[in-house]
Q: 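Starting off with a structure, shown below.
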2 protein chains.
Amino acid sequence: MQTIEQLLESKDIRITAMRLLIYKFLAEKEIVVTLSDIENAFEKADRTTLYRTIKTFEEKDIVHQIDDGTGITKYALCEQGCSCDIKTDLHLHFHCNNCNETICLTDHKIPQIKVPDGFVSENVNLVVKGICDKCSR
Amino acid sequence: MQTIEQLLESKDIRITAMRLLIYKFLAEKEIVVTLSDIENAFEKADRTTLYRTIKTFEEKDIVHQIDDGTGITKYALCEQGCSCDIKTDLHLHFHCNNCNETICLTDHKIPQIKVPDGFVSENVNLVVKGICDKCSR
DNA sequence: AAAGTAAGTGCAATGGAAGTGCATTTGTTA
DNA sequence: TAACAAATGCACTTCCATTGCACTTACTTT
């Protein structure tokens, strides 16, 4: 089990207090978060810093961006060993129409999608909307 | 073959010159359009009108909204007989990373997606990104 | 056909999220 | 410790989505 510090270093990300805090915040969330969520959790920090921290995490492949159809960009930590640019590793996301939360269904890989001749598939975004397990109880 | 007027009436949409024009504009596009696209096509009309027309079409289920991951909301006419809230009728969209256009692949239905116990799937959004047939030639 | 009502349209303004420039602070390295 | 690079904070900008209000157009009822 590697520490967060080791993880960041292995990804060529400088360690700062801010980054450790943001990483921990993301790690303890099972749901996907918006920039505003992070902003609310760290009221002392500036939005720009949070924004750029997330962008850095994204570039270094420890966070991936989720587009769940709400129009607001959301983020989540990648899984261990996830390389977000490899399409076979993509999982799907579930957006609850009731509680409005989005979760990564990391165990549910996206099936192979056939596209017409001439089209080249590079990437797939799949969001299932409905009622999540908490809300359907 | 019903006229546009008949179609709008059957959907409980009042007929106006503007609405007919916008409908025709959408009908002749194979690609999905943004509000700005419509705006550029109708420079005399106000953005708000276009915006609300599209919203009306959406509510009355003759237009569906597409979220192709560009962050900008796009729209397309529903297919004949499409009732956008019925999940089996959903088709997928293809976004070209080269020309930046998004196309409805109406013939390509979305496969049945399994979700974990407790989750209820109501809707699926599937966007494939890559290179379209025009750009890959 | 005229009056009255409901819906559609245009203008102006607002709000929210994403993104940028620059000065300041913090951290790393020689 | 000096010098440099990266990170942070503040202010500002941009872009799209959305709303309020006044005005016009289309439908309904008599």
Side-chain angles (χ1 to χ4, degrees), chain A residues 4-26 32-60 62-76 95 100 102, chain B residues 4-26 32-60 62-76 95 100 102:
Chain A
I4 299 175
E5 282 87 345
Q6 286 169 340
L7 173 67
L8 295 185
E9 270 180 354
S10 76
K11 293 283 187 173
D12 242 351
I13 301 172
R14 279 208 200 176
I15 291 160
T16 68
M18 206 65 254
R19 290 177 173 176
L20 289 173
L21 285 173
I22 295 175
Y23 187 96
K24 280 176 195 157
F25 176 76
L26 292 173
V32 147
V33 298
T34 63
L35 192 56
S36 302
D37 291 336
I38 306 176
E39 219 179 313
N40 294 333
F42 298 94
E43 292 192 340
K44 320 102 202 166
D46 187 73
R47 241 194 56 254
T48 315
T49 305
L50 302 172
Y51 174 73
R52 287 200 258 239
T53 301
I54 285 289
K55 286 291 165 199
T56 304
F57 282 2
E58 231 188 303
E59 274 165 27
K60 303 295 186 178
I62 67 170
V63 154
H64 67 272
Q65 195 172 319
I66 295 117
D67 175 20
D68 64 4
T70 55
I72 300 164
T73 308
K74 304 195 175 177
Y75 305 93
H95 177 76
N100 239 24
T102 300
Chain B
I4 300 176
E5 282 88 345
Q6 287 169 341
L7 172 67
L8 294 185
E9 270 180 355
S10 75
K11 294 282 187 174
D12 241 349
I13 301 173
R14 280 207 199 177
I15 291 159
T16 68
M18 206 65 254
R19 291 178 174 176
L20 289 173
L21 286 173
I22 295 176
Y23 187 95
K24 280 176 195 156
F25 175 76
L26 291 173
V32 147
V33 298
T34 64
L35 193 56
S36 303
D37 291 337
I38 306 177
E39 219 180 314
N40 294 334
F42 297 94
E43 292 191 341
K44 320 104 202 165
D46 187 72
R47 247 193 43 256
T48 315
T49 304
L50 303 172
Y51 173 73
R52 287 201 259 238
T53 302
I54 284 290
K55 287 291 166 198
T56 304
F57 283 3
E58 231 188 304
E59 274 165 26
K60 303 295 185 177
I62 67 169
V63 154
H64 66 272
Q65 194 171 319
I66 295 118
D67 176 20
D68 63 5
T70 55
I72 301 163
T73 308
K74 304 195 175 177
Y75 305 93
H95 178 78
N100 239 27
T102 300

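All heavy atoms count here, side chains included; hydrogens, waters and symmetry mates do not. Computed from a prediction, not measured in an experiment: that's the story for all the values here. The chains referred to below are lettered A, B, ... by the order of the sequence lines, with proteins before strands, and numbering in each begins at 1.
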Q: What contact category does B/T34 fall into here, base, sugar-phosphate, or nothing, at under 4.0 angstrom with non-hydrogen atoms?
A: nothing
Q: Which whole-number value in Å describes the distance from B/Q65 CD to D/dC16 P?
A: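 Result: 15 Å.
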Q: Measure from CZ on A/R14 to P on D/dA6 and round the result to the nearest Å.
A: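 One finds 6 Å between P of D/dA6 and CZ of A/R14, rounded.
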Q: Which atom names give the shortest non-hydrogen contact between B/R19 and B/F57, and what distance separates them?
A: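 Closest approach of B/R19 to B/F57, heavy atoms only: O-CZ, 3.7 Å.
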Q: Establish, with yes or no, whether the OP1 or OP2 oxygen of D/dT25 is under 4.0 angstrom from a side-chain nitrogen or oxygen of B/T16.
A: no
Q: Could you state the CZ-P distance from A/F42 to D/dT8, rounded to the nearest angstrom?
A: 12 Å
Q: Strictly under 3.5 Å: I want the nitrogen or oxygen pairs between protein and nucleotides 19-23 of chain C, one per line.
A:
| from | atom 1 | to | atom 2 | distance (Å) |
| --- | --- | --- | --- | --- |
| C/dG19 | OP2 | A/Y51 | OH | 2.6 |
| C/dG19 | O5' | A/Y51 | OH | 3.0 |
| C/dG19 | O6 | A/R47 | NH2 | 3.3 |
| C/dG21 | O6 | A/R52 | NH2 | 3.0 |

Q: So how far is it from A/Y51 OH to A/L35 CG, rounded to the nearest 0.5 Å?
A: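 Here the rounded value is 8.5 Å.
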Q: Rounded to whole angstrom units, what separation is found between the CG atom of B/D46 and the P atom of D/dC23?
A: 16 Å
Q: Working to the nearest 0.5 angstrom, can you tell me the gap between B/I13 CD1 and B/T56 OG1?
A: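 OG1 of B/T56 is found 7.0 Å from CD1 of B/I13.
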Q: Using whole Å, what does the distance between atom P of nucleotide D/dA7 and atom CG of A/L50 come to?
A: 15 Å
Q: How close or far is atom C1' of C/dT25 from atom CE of A/M18, stated in whole angstroms?
A: 15 Å
Q: If you round to the nearest 0.5 Å, how far is OG1 of B/T49 from CD1 of B/I54?
A: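 Here the rounded value is 12.0 Å.
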Q: What are the two closest heavy atoms between B/D37 and B/V32, and how far apart are they?
A: OD2-O, 4.5 Å
Q: Nearest heavy-atom pair of A/K74 and A/N100: which atoms, and what distance?
A: NZ-O, 4.0 Å
Q: How many Å lie between CD1 on B/I15 and P on C/dA7, as a whole number?
A: 16 Å
Q: Would you tell me if any nitrogen or oxygen in the side chain of A/T73 comes within less than 4.0 Å of OP1 or OP2 on C/dA18?
A: yes
Q: For the aromatic rings, using the six-membered ring if either is Trp, is the centroid distance between A/F42 and A/F25 under 6.0 Å?
A: yes
Q: What is the distance from CD1 of B/I38 to P of D/dC16, rounded to the nearest Å?
A: 13 Å
Q: Using a cut-off of 4.0 Å on non-hydrogen atoms, how would the nucleic acid contact of B/T56 be classed: base, sugar-phosphate, or nothing?
A: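 Here B/T56 touches no strand at all.
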